[in-house]
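Basis for what follows: all heavy atoms, side chains included, without hydrogens, waters or symmetry-related copies.
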Amino acid sequence: MTEIRLRFPPSPTGYLHIGGARTALYNWLYARKMGGKLILRIEDTDTERSSEALAQGIIDGLEWLGIDYDEGPYYQTEFAADHRAAAAKLLASGHAYKCFCTKEELEAKRERALAAKLPLGYDRTCRYLTAEEVAAKEAAGLPSVIRFKVPERQGMLGYDDVVLGRIEADYKEIDDFVIVRSDGSPLYLLCNVADDIRDRISHVVRGQDHMTNTLKQVLLYEALEAPLPVFAHIPLTLDNKKAKISKRSHGEVVSVQFYQEMGFLPWAFNNYLVLLGWSPGNDQEFFSRDELIQAFSLERINKSSAVFNYTKGDAKFFTDPKAIAINEHYLRVMPVEELAPLVEERLRAADIWDAAWATEKRDWFLRVIALIRDRFHTLNDFASLGRAYFAEDYVIEEKPLKKNVLPYPDLKTWLPELADRLAALAPFTAENAEETARRMADELGQKPGVLINAMRTAVTGQLAGPSMFDVLLAIGQDKVVSRLRRIDHLFAV
Ligand code: GLU
C-alpha cells in the first residue's frame, strides 16, 4: 500500500482563520487516523502578498491548536527549480506549448468571439505552430507564455471526490491554460501540483474554493505521469446570512488568534471546528483527542456548506454560541491539574499571579479553580469574574451593589460586626461561618439572605457564585474579615 501523506499548504497572505484551521484539522485527523504523515508547506510564491510574519502567525496558530506535523514547514519559494522542471518536462513531452499571442491579440480574439457568440477560451492559434515558426518567433525575441495542451479527447475529464462524488467536465470546456508566465515564472496551479508530486501527497483535502483548479490539475498529474491523489473538497463555511466569512466583513471573530486571546481551550476549539462541516453519524458532541481520531472519516464530511453561526451579542464577547457552549463544557470537565497551567497563564497576563500558587499553595489553587469554573465561559474569566479570589482590586458590580447593599444602610455596622465574629472563629470552616452568619441575622431579626448576599457583594463583587460559605473558605479568613470591614467603601461609590 502506498504511504498516506497529507499536507496543509496555507498561503501566508492572511492570518489563520476558522476555515483554514478546519482544513488543517481535517488533514491532521486523517493523517493521524491512518498512521500517515502530515506535511506543512507554506505556499509563499505570491511574494507581494505573503509575509514571514503571517507565516509565523499560521505556525503559531497550529501550535496552539495542537495540530502537529511530521515534515516542514517547507517554503514553496525554495522549490522554484522543481516548478521550472515540471514546466520543462511538459514542454519537452509535448503536453505544453509556447504561446506568443500578445495581450492585445488575445483581447481582440475575445471580442470577436463575444460578438459571434463563440466560446471565449483561447483559440489555440499557437498550439499548431510548426517547430520552425516557433524557432523564428524566438529568434525574433518575441515574449511567450507556456500553455498546457488540453487533450483533444471525446468524453469527460473527471475524478472521484471523496466528499462530492464524481466531478466531471467535457474536455472541450477546458481552456489551454497558462502554466508559465512570460517572465518565466510558473503559475501557482502548476507549483502546487509539482510540490504535491515531490512530497508524494496521497490525499488532497482542501476547501471547495480550490475546485476551479482541480480538473486542470488532474490533467497535469496525468501529463507529468504521476499518480492522482485522492481529492476531498470541504464545503465552505458561511455565516448565518449565507455570506462567505472573511476578516473584512466579520472582523477578528473569524481568526484563530481571537479565540486564543479570548481564552478558549485549544481542544474545545478543535472540537467546535471539527463539527463545522463533519458529523460522526450519531449525536456524540464531545470527543477526546483519541476518540476523534478514531471517529473521523473523510466520507462523513458534509456536502453542504457549514454555518458559522455568528451572533453579535454584547460587545465584549461574541461568536458562535456553539463555540462558547463547547468551551464551557471542557472548562467544567477538564481535570483541574490540566486546567491549572492555563489559568496560571491568564493570571500572569493579568499581573495577579503569585508563585506560591504553583508550589506550597497549589492545593488551594486547584480547589479555587474547581470551585469557580462552573460559571465561566473562557479562561479569561478567571482573571475578570474570578478576580476576587486572586487579587484585592476586584470590581464590585453595580447590580449586586444596588440590590444587596445600598438598600440596607445598617450594613455599615452589621458587616464589621460580622467580620469580628468571623475573625474569632477557630477553626474557620464553611459550617461555622454559615452558622455565625445565620445566628447574627436571627439576632438582628433579618433574613439570613440579607447578610449573606451583602457578604457576597463585599467579598466577591458579584451577584451570584458558588455556595457563599465555600467562597469564604476559598478566599480565606483574613481577607474575608478585612473585606467586610471595608463596607463603608461600598456606600461611598
Ligand atoms: N495555498 C492554498 C491556500 O492557502 C491551498 C491550496 C491547496 O490546498 O491545494 O488556500
Side-chain angles (χ1 to χ4, degrees), residues 1-10 16 18-41 58-59 61-74 159-165 167 192 195-208 210-211 214 227-237 256 264-306 322-323 326 329-330 333-334 338:
M1 218 182 101
T2 53
E3 205 187 341
I4 306 283
R5 292 172 62 84
L6 290 98
R7 80 312 193 256
F8 177 57
L16 185 63
I18 291 185
R22 186 186 57 155
T23 300
L25 176 64
Y26 287 8
N27 277 282
W28 178 79
L29 285 168
Y30 194 69
R32 294 291 167 262
K33 178 181 174 128
M34 303 304 287
K37 297 270 188 310
L38 179 65
I39 289 120
L40 176 63
R41 184 172 72 225
I58 293 170
I59 292 170
L62 293 175
E63 185 179 346
W64 177 69
L65 287 166
I67 297 180
D68 56 350
Y69 34 89
D70 308 288
E71 289 177 29
Y74 297 141
Y159 62 94
D160 294 309
D161 190 292
V162 181
V163 178
L164 303 169
I167 303 292
N192 183 250
D195 290 339
D196 282 345
I197 293 174
R198 182 200 55 247
D199 293 337
R200 292 178 289 114
I201 299 304
S202 61
H203 290 69
V204 170
V205 180
R206 63 185 174 195
Q208 276 181 19
H210 292 288
M211 283 181 77
T214 310
L228 199 62
V230 172
F231 287 102
H233 287 100
I234 316 172
L236 299 183
T237 305
V256 167
F264 273 69
L265 298 161
W267 183 255
F269 196 62
N270 280 317
N271 196 146
Y272 167 69
L273 282 178
V274 77
L275 296 173
L276 208 56
W278 172 85
S279 78
N282 55 36
D283 53 13
Q284 184 169 354
E285 223 183 331
F286 304 110
F287 301 83
S288 69
R289 181 184 181 280
D290 291 343
E291 276 173 342
L292 190 59
I293 288 171
Q294 279 317 307
F296 187 75
S297 72
L298 297 176
E299 287 79 9
R300 295 210 61 89
I301 293 176
N302 301 337
K303 285 187 182 30
S304 50
S305 50
K322 184 98 201 264
I326 293 178
H329 168 83
Y330 282 101
V333 303
M334 209 167 142
E338 282 173 35

Can you tell me if [X] uses its side chain to pair, donor with acceptor, with the backbone of [Y] under 3.5 Å?
X    : Y    : answer
R22  : L276 : yes
D199 : I201 : no
W278 : L273 : no
Y159 : I167 : no

Strictly below 4.0 Å, N to O, side chains only: are R41 and D195 in salt-bridge contact?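 Yes.
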In terms of side-chain geometry, is the basic nitrogen of R5 or D70 positioned less than 4.0 Å from the acidic oxygen of its partner?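 So R5 does not pair with D70 through a salt bridge.
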Residue pair [X] / [Y]: nearest heavy atoms and the distance that separates them:
X    : Y    : value
Y330 : F287 : OH-O, 3.0 Å
Q284 : P280 : O-CG, 3.6 Å
V163 : K303 : O-NZ, 3.1 Å
L38  : D68  : CD2-O, 3.6 Å
P235 : S305 : CB-CA, 3.6 Å
D161 : A232 : OD1-CA, 3.7 Å

Check the side chains of T214 and R206 for a donor-acceptor pair under 3.5 angstrom, ignoring hydrogens and angles.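 The answer is yes; a qualifying pair exists.
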Between F269 and F264, what is the ring plane arrangement, given parallel below 30°, perpendicular above 60°, and tilted in between?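 Perpendicular.
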Y30 and F296 aromatic ring geometry - parallel, tilted or perpendicular at 30°/60° bounds: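 Perpendicular: the ring planes of F296 and Y30 meet at over 60°.
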Is there side-chain contact between T23 and H210, with heavy atoms separated by less than 4.5 Å?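 They are not in side-chain contact.
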Please name all residues satisfying side-chain contact (heavy atoms from CB on, under 4.5 Å) with A24, sequence neighbours left out, ordered by chain then number.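 Result, side-chain contact (heavy atoms from CB on, under 4.5 Å) vs A24: F8, L62, I67.
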Spatial distance of atom CG (L25) from atom CD1 (I18) [nearest 0.5 Å]: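 Spacing of CG (L25) from CD1 (I18) equals 12.5 Å.
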